[in-house]
Amino acid sequence: MVAPIASGTVTNPSPLAPRSLKANDPCWCGSGKKFKRCHKVSSHNIAPGRQSPMRSVPPEIGRPPYAESGQPVRRPENPVQSDDVIKRMRVAGRAAAEVLAETGAAVAPGVTTDELDARCHEACIDRGGYPSPLNYSGFPKSLCTSVNEVICHGIPDDRALLDGDIVNLDVTIFLDGVHGDTNATFLVGEVDLPSRRLVEVTRECLDRAIAQVRPGRPFNVIGAAIQEHAEANGFGVVRSFVGHGIGEQFHTDLHVPHYYEPRLTRLIEEGMTFTIEPMITIGAWDHDLWDDGWTAVTVDRQRTAQFEHTLVVTADGCDVLTRI
Ligand code: MF3
Ligand code: CO
Ligand code: CO
């Protein structure tokens with residue numbers, strides 16, 4: 001018998017795993033669990049489903065400029081924000097965190113991603129906010145739901161979550177003229193060990209990156225912390241999607257890569273507001289885009305996880321605005 005592996009080590013596939021092992025057989029690792037509940041890697045690859053009609057937002061709710069046209073018009077926005085913007089972002093950030101928790105509480109096998117979208121939509125409106133994704137560059141829903149191999153920007157549809165899936169919910173709320181942006185990856189029922197480890201390491205990557213933020217340091221310390229921890233655990237870091245400046249606009253032109261970029265020597269300054277949102281992969285980190293123009297999936301269709309916070313840089317570190 002092989003000793004049960006510590007939850008810090010993922011050896012998959014293992015040379016010790018008999019090829020003939022069936023899903024319900026005891027796992028080769030000696031944990032006493034069924035193979036399918038332990039080291040068997042679930043596939044459950046996903047396909048586009050059917051989308052419900054676009055939801056509406058009551059007229060009394062303040063809307064971002066793109067809400068009607070679907071076209072965000074970018075204007076230069078100083079990454080160092082005024083005290084007034086920061087004050088409003090603290091409120092929006094907290095609201096985003098609450099909406100994420102409320103929506104995430106509904107995650108369960110059998111629940112469709114469209115049902116999660118409805119819940120997020122209502123939770124934003126309940127707080128007097130507009131769900132920022134809705135019609136942002138034409139995005140048709142109020143929430144991004146990214147299941148299994150979907151890296152980001154999955155569109156909610158009629159697919160019911162399956163036991164063993166992982167799903168990222170990316171919530172952004174526009175409240176009192178500013179955005180708060182946060183996401184987390186949730187486990188659906190009983191999830192295999194490699195996926196659980198992926199989710200855990202991704203959360204740690206975000207925590208380690210946040211711990212690096214302080215005025216006077218170059219922006220590249222953020223990606224360095226993430227890449228180092230991901231790769232030490234055998235995982236990959238997505239390059240094509242980055243963190244971003246945020247404030248009165250959803251995305252400003254400040255880019256925050258999640259990999260080490262030595263040329264990124266710009267210094268972090270007090271009062272800057274931006275997101276960090278690492279996307280970490282079990283396998284390849286390159287992506288394919290579905291025909292819907294939004295859904296980004298890993299090229300090898302292996303799983304990926306993400307966590308995101310919006311933060312403001314303080315005199316000696318940063319405040320996470322999207323923590324309850
Ligand atoms: N919330 C995502 C981010 O973290 C952006 C989603 S854009 C959308 O930057 F249009 F897909 F909503
Ligand atoms: Co973001
Ligand atoms: Co987001």
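Between Phe35 and Asn24 there is no side-chain heavy-atom pair separated by less than 4.5 Å. The shortest side-chain heavy-atom distance between Pro131 and Lys141 does not fall under the 4.5 Å cut-off. Between Ile280 and Val237, some side-chain heavy-atom pair lies under the 4.5 Å cut-off. No side-chain heavy atom of Ile268 sits under 4.5 Å from any side-chain heavy atom of Arg214. Annotation: side chain of Lys33 is not in contact with side chain of Pro26 (no heavy-atom distance under 4.5 Å). In this structure, the side chains of Arg63 and Val57 come closer than 4.5 Å at one or more pairs of heavy atoms. At least one side-chain heavy atom of Pro58 sits less than 4.5 Å from a side-chain heavy atom of Ile125. Counting heavy atoms from C-beta on, the side chains of Asn168 and Ile166 never come closer than 4.5 Å.
Here the options are Thr182, Thr185, Thr145, Asn183, the test is side chain to side chain donor-acceptor pair (under 3.5 Å), and the partner is Asp170; only Asn183 passes. Here the options are Tyr136, Tyr66, Phe274, the test is ring pair (Phe, Tyr, Trp, His ring centres under 6.0 Å), and the partner is His251; only Tyr136 passes.
Comment: Asp163 engages Arg37 in a salt bridge, judged by a side-chain N to carboxylate O separation of less than 4.0 angstrom. Salt bridge status for Arg75 with Asp253: absent, with no side-chain N to carboxylate O gap under 4.0 Å. Residues Arg127 and Glu102 are paired through a salt bridge, judged by an N-O separation under 4.0 Å between the basic side chain and the carboxylate. A salt bridge links Arg159 and Asp165; the closest N-O separation between the charged side-chain nitrogens and carboxylate oxygens is under 4.0 Å. We find that Glu115 and Arg119 are not joined by a salt bridge, their nearest charged nitrogen and carboxylate oxygen being 4.0 Å or further apart. Ion pairing between a basic and an acidic side chain is recognised when a charged N comes within 4.0 Å of a carboxylate O; Arg55 and Asp117 show such pairing. Of the charged side-chain nitrogens involved, at least one lies within less than 4.0 Å of a carboxylate oxygen, so that Asp207 and Arg323 count as a salt-bridged pair.
Connection of Ile246 to Val256 is not established within any shared hydrophobic cluster, with ILVMFWY side chains joined at heavy-atom distances below 4.5 Å, either directly or through further cluster members. Residues Leu321 and Ile173 do not share a hydrophobic cluster, clusters being chains of Ile/Leu/Val/Met/Phe/Trp/Tyr side chains in contact below 4.5 Å. When hydrophobic clusters are built by joining Ile, Leu, Val, Met, Phe, Trp and Tyr residues whose side-chain heavy atoms come closer than 4.5 Å, directly or via intermediates, Tyr130 is not grouped with Val99. If you chain together hydrophobic residues whose side chains sit under 4.5 Å apart, Ile155 and Val111 never meet in one group. Cluster membership for Val313 and Val80, using ILVMFWY side-chain heavy atoms within less than 4.5 angstrom, is shared.
To the nearest 0.5 angstrom, Arg88 atom CZ is 4.0 Å from Asp84 atom CG. Remark: Cys152 SG to His287 NE2 distance equals 7.5 Å, nearest 0.5 Å. With values rounded to the nearest 0.5 angstrom, Ile276 atom CD1 is found 11.0 Å from His244 atom NE2. Atom CD1 of Ile86 is separated from atom CE of Met272 by 11.5 Å, given to the nearest 0.5 angstrom. Atom OG1 of Thr252 and atom CD of Gln81 lie 8.0 Å apart (nearest 0.5 Å). From Arg50, atom CZ reaches atom CG of Asp158 across 6.0 Å, with rounding to the nearest 0.5 Å.
Between Phe250 and His179, the ring planes are parallel. Angles under 30° get that label, and only those over 60° would be called perpendicular. Ring orientation note: the planes of His153 and Phe241 are nearly perpendicular, at an angle over 60° on the 30°/60° scale.
There is a side-chain donor-acceptor pair under 3.5 Å between Glu149 and Asn45.
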Checking Glu200 against Arg203 for the salt bridge (Lys or Arg N to Asp or Glu O under 4.0 Å) test, could you report, in this order, the C-alpha distance in whole Å, the side-chain angles of both residues, the deciding distance, and whether it holds?
CA-CA 5 Å; Glu200 184 184 11; Arg203 186 195 294 276; over 6 Å; no
Dump the intermediate steps for ring pair (Phe, Tyr, Trp, His ring centres under 6.0 Å) on His255 and Phe219, then the final yes or no.
CA-CA 9 Å; His255 284 192; Phe219 267 95; over 10 Å; no
Could you go through Arg90 and Asp319, starting from their C-alpha distance and side-chain angles, then the distance that decides it, and tell me whether this counts as salt bridge (Lys or Arg N to Asp or Glu O under 4.0 Å)?
CA-CA 9 Å; Arg90 289 186 187 279; Asp319 284 348; 3.2 Å; yes
Should Met89 and Val312 be marked as a side-chain contact (heavy atoms from CB on, under 4.5 Å) after you check the CA-CA gap, both sets of side-chain angles, and the distance that decides it?
CA-CA 9 Å; Met89 286 185 73; Val312 58; over 6 Å; no
